[in-house]
Amino acid sequence: MVTLRIAKLRASHRFKHDRMLVGLCVVLLAWCSTPAQAQLVGSDVRIDWIYPVRPTIFKSATKVVGPGPEVTCPGSYGAGDTPAFCQQIGGGPFSIDINDSSVVLSSSANFWSAVGSYNGFRLTFASGTPRVIGVSLMSNNPAATSTRVDFTANSIWFDLQGLDRVGEPAHFYTLSISFAVPPVAVPTTHSMVLLILAGIVLVSAVRLAPGHFDPQSK
């Protein structure tokens with residue numbers, strides 16, 4: 001009876017130990033889940049200034065999407081980090097900041113009033129980028145409506161013709177992009193290490209399970 005009681009006690013302790021190990025594995029595996037892979041960050045985006053008619057390209061530049069604005073012009077004609085655009089922009093600062101799933105244009109310039117039927121931008125995303133299925137516009141300029149925005153599977157068009165006139169405050173225009181397929185999570189180095197460790201712990205728990213043959217216990 002005493003031997004049986006001791007055996008049951010050991011089995012109970014072993015079960016609790018194994019359950020704790022399995023729980024640890026579940027926690028590690030859950031923690032290994034990384035955030036979704038970037039949709040635009042790290043990829044190339046071609047920025048075309050379309051003017052005076054669509055689809056005539058007035059100026060063009062290709063940028064790698066990363067922290068901070070991809071285009072920054074102080075609005076003094078010629079200065080700035082993107083000569084293709086800044087040489088032609090005056091009247092106030094202008095910037096284009098591309099994020100993972102949005103584009104923010106900030107403008108206090110008045111060059112959008114230049115004569116022409118179209119005066120805006122086309123952003124073309126590199127191959128491999130998820131397909132664009134929708135774009136919404138938000139702005140503090142009431143004249144900016146959704147009719148100024150359209151898109152294809154890999155590009156966005158935004159017409160600013162007639163916006164940002166002299167004497168008006170600075171305006172921002174946020175284009176929020178919807179993609180067809182959510183990006184797949186990609187394991188990082190640390191998560192792969194944790195995944196391996198979790199596997200080792202799980203195997204150890206199985207080997208030590210009650211009734212499982214362990215050659216080292218002989």
Side-chain angles (χ1 to χ4, degrees), residues 37-132 135-141 143-179:
Q37 186 182 14
Q39 297 174 113
L40 293 180
V41 172
S43 65
D44 289 345
V45 175
R46 174 171 168 165
I47 307 171
D48 295 320
W49 184 350
I50 307 300
Y51 174 79
V53 295
R54 180 173 175 167
T56 303
I57 298 175
F58 180 57
K59 298 287 182 181
S60 182
T62 298
K63 296 287 185 175
V64 177
V65 179
E70 279 63 40
V71 174
T72 303
C73 303
S76 54
Y77 292 107
D81 63 355
T82 310
F85 296 134
C86 296
Q87 288 177 1
Q88 305 294 331
I89 293 179
F94 172 78
S95 66
I96 299 177
D97 187 7
I98 305 172
N99 302 297
D100 203 32
S101 58
S102 65
V103 180
V104 180
L105 291 86
S106 178
S107 173
S108 58
N110 59 8
F111 53 90
W112 304 122
S113 298
V115 177
S117 63
Y118 198 98
N119 195 358
F121 289 94
R122 175 182 62 191
L123 280 68
T124 305
F125 308 124
S127 59
T129 303
R131 182 169 55 89
V132 177
V135 180
S136 61
L137 170 65
M138 182 176 66
S139 175
N140 63 343
N141 187 345
T145 63
S146 58
T147 57
R148 293 176 173 271
V149 180
D150 62 293
F151 62 91
T152 68
N154 70 332
S155 67
I156 294 174
W157 297 72
F158 181 35
D159 184 15
L160 292 98
Q161 175 63 34
L163 300 179
D164 301 328
R165 297 181 182 278
V166 177
E168 293 183 343
H171 293 138
F172 69 85
Y173 308 93
T174 300
L175 302 170
S176 298
I177 310 166
S178 298
F179 293 99

Query - Between CD1 on residue Ile57 and CH2 on residue Trp49, distance to nearest 0.5 Å - result: 13.5 Å
Report task. Report the distance from atom OG of Ser139 to atom CG of Leu175, rounding to the nearest 0.5 Å. Result -> 9.5 Å
Report summary line: Here the gap from Tyr51 atom OH to Gln161 atom CD, rounded to the nearest 0.5 Å, amounts to 7.5 Å
Query raised in the report: Asn119 and Leu160: side-chain contact (heavy atoms from CB on, under 4.5 Å), yes or no, with the steps?
Result: CA-CA 6 Å; Asn119 195 358; Leu160 292 98; 5.9 Å; no
Query raised in the report: CZ of Phe158 to CG of Asp150: how many Å apart, nearest 0.5 Å?
Result: 11.0 Å
Requested in this report: Using atom types as modelled and distance alone, determine if a side-chain donor or acceptor of Glu70 lies under 3.5 Å from a backbone N or O of Lys63.
Outcome: no
Query raised in the report: How far apart are the closest heavy atoms of Ser176 and Ser102, and which atoms are they?
Result: CA-CB, 4.3 Å
Query raised in the report: Considering only heavy atoms from C-beta outward, does the side chain of Asp97 approach that of Val103 to under 4.5 Å?
Result: no
Query raised in the report: Tell me, do Phe94 and Leu105 make a side-chain contact under 4.5 Å, heavy atoms counted?
Result: yes
Requested in this report: Answer with yes or no whether the side chains of Arg54 and Ser117 bring together a donor and an acceptor at under 3.5 Å.
Outcome: no
Which donor-acceptor pairs under 3.5 Å do side chains of residues 121-129 form with protein atoms, sequence neighbours excluded?
residue: Arg122; atom: NE; partner: Asp48; partner atom: OD2; Å: 3.2
residue: Arg122; atom: NH2; partner: Asp48; partner atom: OD2; Å: 2.9
residue: Thr129; atom: OG1; partner: Ala126; partner atom: O; Å: 2.9

Query raised in the report: With distance as the sole test, does Arg148 use its side chain to make a donor-acceptor pair with the main-chain N or O of Asp159 at under 3.5 Å?
Result: yes
Query raised in the report: Hey, what do you get for CD (Gln87) to OG1 (Thr82), rounding to the nearest 0.5 Å?
Result: 10.5 Å
Query - Side-chain heavy atoms of Ile47 within contact of Ile98, under 4.5 Å - result: yes
Query raised in the report: So do Leu40 and Ile177 actually touch side chain to side chain, heavy atoms under 4.5 Å?
Result: yes
Query - side-chain contact (heavy atoms from CB on, under 4.5 Å) involving Ser101 - partner list, sequence neighbours excluded - result: Gln39, Phe179
Report task. State, with a plain yes or no, whether a side-chain heavy atom of Leu163 is found less than 4.5 Å away from one of Tyr173. Result -> yes
